[in-house]
There are 2 protein chains.
Amino acid sequence: MSLEHAILGFLNYHPYTGYDLKKIFDTSIRHFWSADQSQIYRTLTRLTERGFVEMEKVPQQDRPDRKVYHITEGGRGELLNWLAGPPPMDEPRSAPLVQVFFAGQLSDEQVLAKFEGFAALMRAFLAMYDQVPDQLGPYQEDISSPREHFFWLLTLENGLCSMRANLAWAESIVERIKAGKVPPK
Amino acid sequence: MSLEHAILGFLNYHPYTGYDLKKIFDTSIRHFWSADQSQIYRTLTRLTERGFVEMEKVPQQDRPDRKVYHITEGGRGELLNWLAGPPPMDEPRSAPLVQVFFAGQLSDEQVLAKFEGFAALMRAFLAMYDQVPDQLGPYQEDISSPREHFFWLLTLENGLCSMRANLAWAESIVERIKAGKVPPK
DNA sequence: ATATAATATAAGAAAGGTCCAATATGTCCC
DNA sequence: GGGACATATTGGACCTTTCTTATATTATAT
């Protein structure tokens, strides 16, 4: 679980409202982390209870007050502690691989279609990545120093590397299928 | 969500109890799918309600009855339908990448340690993979025809490909850090 | 003789996440 | 004037997952 840490990470650049955070998640880091709008508000409440963030009401004329959250000393400590700590290992959870594992229960034609589908999916991802801009979307001014931009590019690279590896994997399987190397039912 | 489909996939080979399934998950496909014991029992109940599986009580002397679940025609249909359908795309969710994205907030020494930590983690994964047996653990007899074994090797290959790609990524970053290419704070 | 691990199931509670709907207003365009 | 869209937050219902605890027996090790 690290929606909390992702929120703390952004609030450590700049104070934001729940609405701001939703937009930041939807634009900048959408390709490796997503967040439900309700969940962002609930997490902000939880972080407030724990003393990691504080809220300030900014009244506006004729529309609901903005609730601007800023990180506290305790929150900064929690964040830096988590960042400096050991890298969490991604718990494995891959619905596509479940399909691969059980693909033997399909007919040979269906198996071929399945893996061609995988390859197509990964090519589509790669095409998308080419369109991911160098920049971070709105709210850049707060975040995009050369240092932050450098680390942003590193996360993009990771996506590219993984997708290329997966594409090569899927393609090698398609070749093997066509070469008749799948044991029959 | 496809714990349901993973369970259906196994029950399509052979009828099992909840306990059997837990052991199968913990041994065979542990590296890309895990399942909590309570969750397996609850999911079996749900699958029964939907008519995808049926339960048969097998009394045992002096210990709780085994509840052996077997797949129904409806369940087989649901499974094959899902398998033949479009590959689900994994929703992106990567705690490690959240750390990369915010790593700029650490000191330069901490950044180096962070990425060396990533590389070490992936080397550890790769070392583990070498030890993953060719075989599927217990319950093999039910599952390991040459065809099933072929698909099992494919999922292992995927893990290897991804990990190698991630290792290369982490190592290239370590090199760049050592070459002084990280913009200062 | 006793402890423990393994076999086998299940219920309760809490945490996290998703979906949907409600509220309230401002702006922009047709 | 009406419709669509953006701003801004909140609440309810529900689902999934995890953690913990409980029960009961058998096999194995000390």
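Chain A is the first sequence line, chain B the second, and so forth, proteins listed ahead of strands; every chain is numbered from 1.
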- [ ] Specify the separation, in whole Å, of atom CG of A:L21 and atom P of D:dT7.
- [x] 14 Å

TODO: Tell me whether the centres of the aromatic rings in A:Y69 and A:Y41 are closer together than 6.0 Å.
DONE: no

Pairwise N/O distances under 3.5 Å, protein to nucleotides 18-22 of chain C:
| unit_1 | atom_1 | unit_2 | atom_2 | d |
| --- | --- | --- | --- | --- |
| C:dT18 | O4 | A:R42 | NH2 | 3.3 |
| C:dC19 | N4 | A:S38 | OG | 2.9 |
| C:dC20 | N4 | A:S38 | OG | 3.1 |

Task: Length of the CZ-C1' vector between A:R66 and C:dG26, whole Å - done: 15 Å

- [ ] Let me know the distance between OH of B:Y41 and P of D:dT18, rounded to the nearest Å.
- [x] 16 Å

Open item on the list: What is the distance, to the nearest angstrom, from the OH atom on B:Y19 to the C1' atom on D:dT25?
Closed with: 12 Å

TODO: Can you see which heavy atom on A:K114 is nearest to which on B:L83, and at what distance?
DONE: NZ-O, 2.7 Å

Open item on the list: Distance check needed: C:dA8 P versus B:K23 NZ, whole Å only.
Closed with: 7 Å

Open item on the list: Looking only at the aromatic ring of each residue, does the gap between the centers of B:F151 and B:H149 stay below 6.0 angstrom?
Closed with: no

Task: Distance, rounded to the nearest Å, where B:I40 contributes CD1 and C:dA8 contributes P - done: 14 Å

- [ ] Would you name the heavy atoms of B:F118 and B:A170 that are closest together and state the gap between them?
- [x] CB-CB, 4.3 Å

Task: B:I24 CD1 to C:dA8 P, straight-line distance once rounded to whole Å - done: 12 Å

Task: B:R164 to B:L126 - nearest heavy-atom pair and separation - done: CG-CD2, 4.0 Å

Open item on the list: Quick check on contacts: within residues 43-52 of chain B, what sits under 4.0 Å from DNA chain C by heavy-atom distance?
Closed with: none

Open item on the list: For A:Y129 together with A:H31, are the ring centres under 6.0 Å from each other?
Closed with: yes

Task: Least distance between heavy atoms, B:S2 atom then A:A95 atom - done: OG-CB, 3.6 Å

Task: Nearest-nucleotide 5' precedence on DNA chain C, A:S2 against B:G18 - done: B:G18

Task: Under-4.0 Å salt bridge between A:E148 and B:K185 - done: no

TODO: Using whole Å, report how far CH2 of A:W33 lies from P of C:dG16.
DONE: 12 Å

Open item on the list: Please list all pairs meeting salt bridge (Lys or Arg N to Asp or Glu O under 4.0 Å) that have one or both residues in residues 87-113 of chain B, counting only residues at least two apart or in different chains.
Closed with: A:R147-B:D108

